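Here the structure comes first, spelled out in structure tokens, and everything after it is commentary.
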Amino acid sequence: MKKFLSLLLAMAMCLGLLAGCGGSSTGGGDADSSEGATSASGSSSTEAEGDASEEGEDATGMSSVTSGISLAQHPEITTEGCSEDITVTISSNVDIAGIDAFAAAQSGRNDIRYLIYDQLAIMTTPGGEVEDMALQMAKSIEKIDDVTYQIEIYDYIHDWAGNAVTADDVVYSYTTMKDSGVSGKFSRLLESMEKVDDYTVIMHLAESSLGTAQYCLQYCPVVSQASYESQTEGERSQYPIGTGGYKIVDYVSGGYCYLERVDDYWQTDESLRSYAYSAQAKEIKIIVQTEAAQRTNSMLTGSSDVAVQISSTEISQFRNDDGTSKDGYNVLSYLSSTTPFVVFNCSEDSPLSNIDLRKAVCSAIDRTGVMDGTYGASGYLASVDLCNALVGDYNDDWTWYEYDAAAAESYLEASGLSDVTLTIMTDTSDSQKSIAVFIKEYLNMVGINVEIASYDAALITEYKNDSTMWDMRLDTPGSSDYATDAWNLMTSADTNEGRSYFMVTDETLDELVATATAIDTHSQDTVDAVHEYCYEQCYYLPLGTPYQYAVASDALLGWPLHPYNYLLYGGFIFE
């Protein structure tokens, strides 16, 4: 077995599937945050001795921990003592897309939205309450009841064209986003936005489930209706008129996006700005470099100040074996907001409608071997359910089917099936293809044949709802706040043409998830009940949450990281 697994690892590596104050171009690693989800260390910092994790504030407002300088969640944004008007060049792994305020979420949208648009508020901690949010356009947010919030906005907000933003524009923005349907979740959760007076609105939610208010408060960019309607669709998708601290001055799809700081940004009071906007950089240049080697080379040659999504196989060029950053760099490692898992097609169109076959599949696959081979032994956090293992209601006592070839063969015999061939559907990413290869080999060992079908995102969106196209499917649900996040996505009939991700309707599971999600009934017991039921039904195979890596020059003092684990480029602070 060990020889076999070593061969698999070698195959994956061969295929490349493992997956002071600065000037205008700033020439970067690992301390655990309080929740352990992120770590950043700077080679210029002094390390504390021992294993203590006590935190303290330094002069920059960053949180000092045992192995370097890390961004607390979230410190006061200050550039005092640092040069301004710098240019920051960022090597990005994805195209900048979804620029229109009400465009569908796409890869690269989060890289741009907090630069060019402001929201009512922005989350600061995973699973935090509304009162924990950092206010942006909202001057105050008052909870009236679980589904009703009164919001007062500042009376001096204006966009880049000089148009004032009032309560009418908030209502317009929220109504337009809801009616557009680009986010089924937003459209489902927001009931309406009501104007009270020129600078006060009331947000009515459709349900009181966990995180609903926080999601709706931060998801929708608020724009001036006059400016938005003055532009054509093409103009809004390339050079929109926003309210944020940066505006696009040059953009080529698939190539680059150059932004400049807005000279008359409406929020002139620095103490009222959120951690998403430090205003230090005069120019932010985002260069699209989809190949991992390009991003690595951009840091090694100094052509970029920051590079995101550095591969696990190349991070050693910037980070020492003990987790500290090498001289000249600042490295951030943080958990992805998505957790890969295998969902089973339990409809009558698939052999996996047989629960014993599902249990055979789960028992035949060494999840540790799959994740080690794909992300490296220290490149992920294992999980026994769909969620990130660090969310607040994750239970360390949970279990899943353990790797046991003998048990797999016993379950296979109990299923009464023979000569089984299963199709596993993946996207075209290296990580998913790697996972599929490992799964295929493990299942082949117990006599289950596997065919791998890899499709681009558009075809997966079409085929995932066709129960004749696949038996197993790799997916990555998000779970940044609660374990219930991923379960709601997976079981919601609204997201899958009336069925769950596993292609059947299970009213018992729907009721369990609804109970675990509701504010009044959310508890460890109700969350445990969902996990136990999914385990009994064996609807899916959880894998784990991979770490992601970003690298900057060591002039970067801290990493402004949204709780959903994406970087906020406008909040960078360089010394």
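If you're wondering where the values come from, they're calculated on a predicted model, not measured in any experiment. Quick note: residue numbers are just sequence positions, from 1.
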Derivation of the side-chain hydrogen bond (donor to acceptor under 3.5 Å, both in side chains) call for T426 and Q432:
CA-CA 6 Å; T426 79; Q432 283 209 7; 4.5 Å; no
Between D159 and S227, does the side-chain hydrogen bond (donor to acceptor under 3.5 Å, both in side chains) criterion hold? Intermediate values first, please.
CA-CA 8 Å; D159 65 13; S227 289; 2.6 Å; yes
Please evaluate residues T212 and S209 with respect to the criterion side-chain hydrogen bond (donor to acceptor under 3.5 Å, both in side chains), reporting the C-alpha separation (whole Å), side-chain torsions for both, the decisive distance (0.1 Å), and the verdict.
CA-CA 6 Å; T212 296; S209 55; 2.7 Å; yes
One pair to check against salt bridge (charged side-chain N to carboxylate O under 4.0 Å, His left out): D427 and K433. What are the steps and the verdict?
CA-CA 7 Å; D427 65 24; K433 289 188 290 186; over 6 Å; no
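Judged by a 6.0 Å distance limit and a 45° cone about the ring axis, K139 is not positioned over the six-membered ring of Y154. With a 6.0 Å cutoff to the six-membered ring centre and a 45° limit on the axis angle, R236 counts as a cation-pi contact of Y228. Annotation: cation-pi pair R273/Y265 absent, no NZ/CZ under 6.0 Å from the ring centroid and within 45° of its normal.
Checked against a 6.0 Å centroid threshold, the rings of Y394 and Y482 do not count as neighbours.
Q214 and Q218 share no side-chain donor-acceptor pair at under 3.5 Å. Between Y215 and S183, the side chains place a donor N or O and an acceptor N or O closer than 3.5 Å (distance only, hydrogens not considered).
In plain terms, the two heavy atoms of S378 and Y547 that are nearest each other are O-CD1, 4.0 Å.
Using bins of under 30°, 30° to 60° and over 60° for the plane-to-plane angle, the ring pair Y277/Y246 lands in the perpendicular bin.
By the 4.0 Å N-to-carboxylate-O rule, K195 lies close enough to D198 to be salt-bridged with it.
At least one donor-acceptor pair closer than 3.5 Å links the side chain of Y251 to the backbone N or O of I96.
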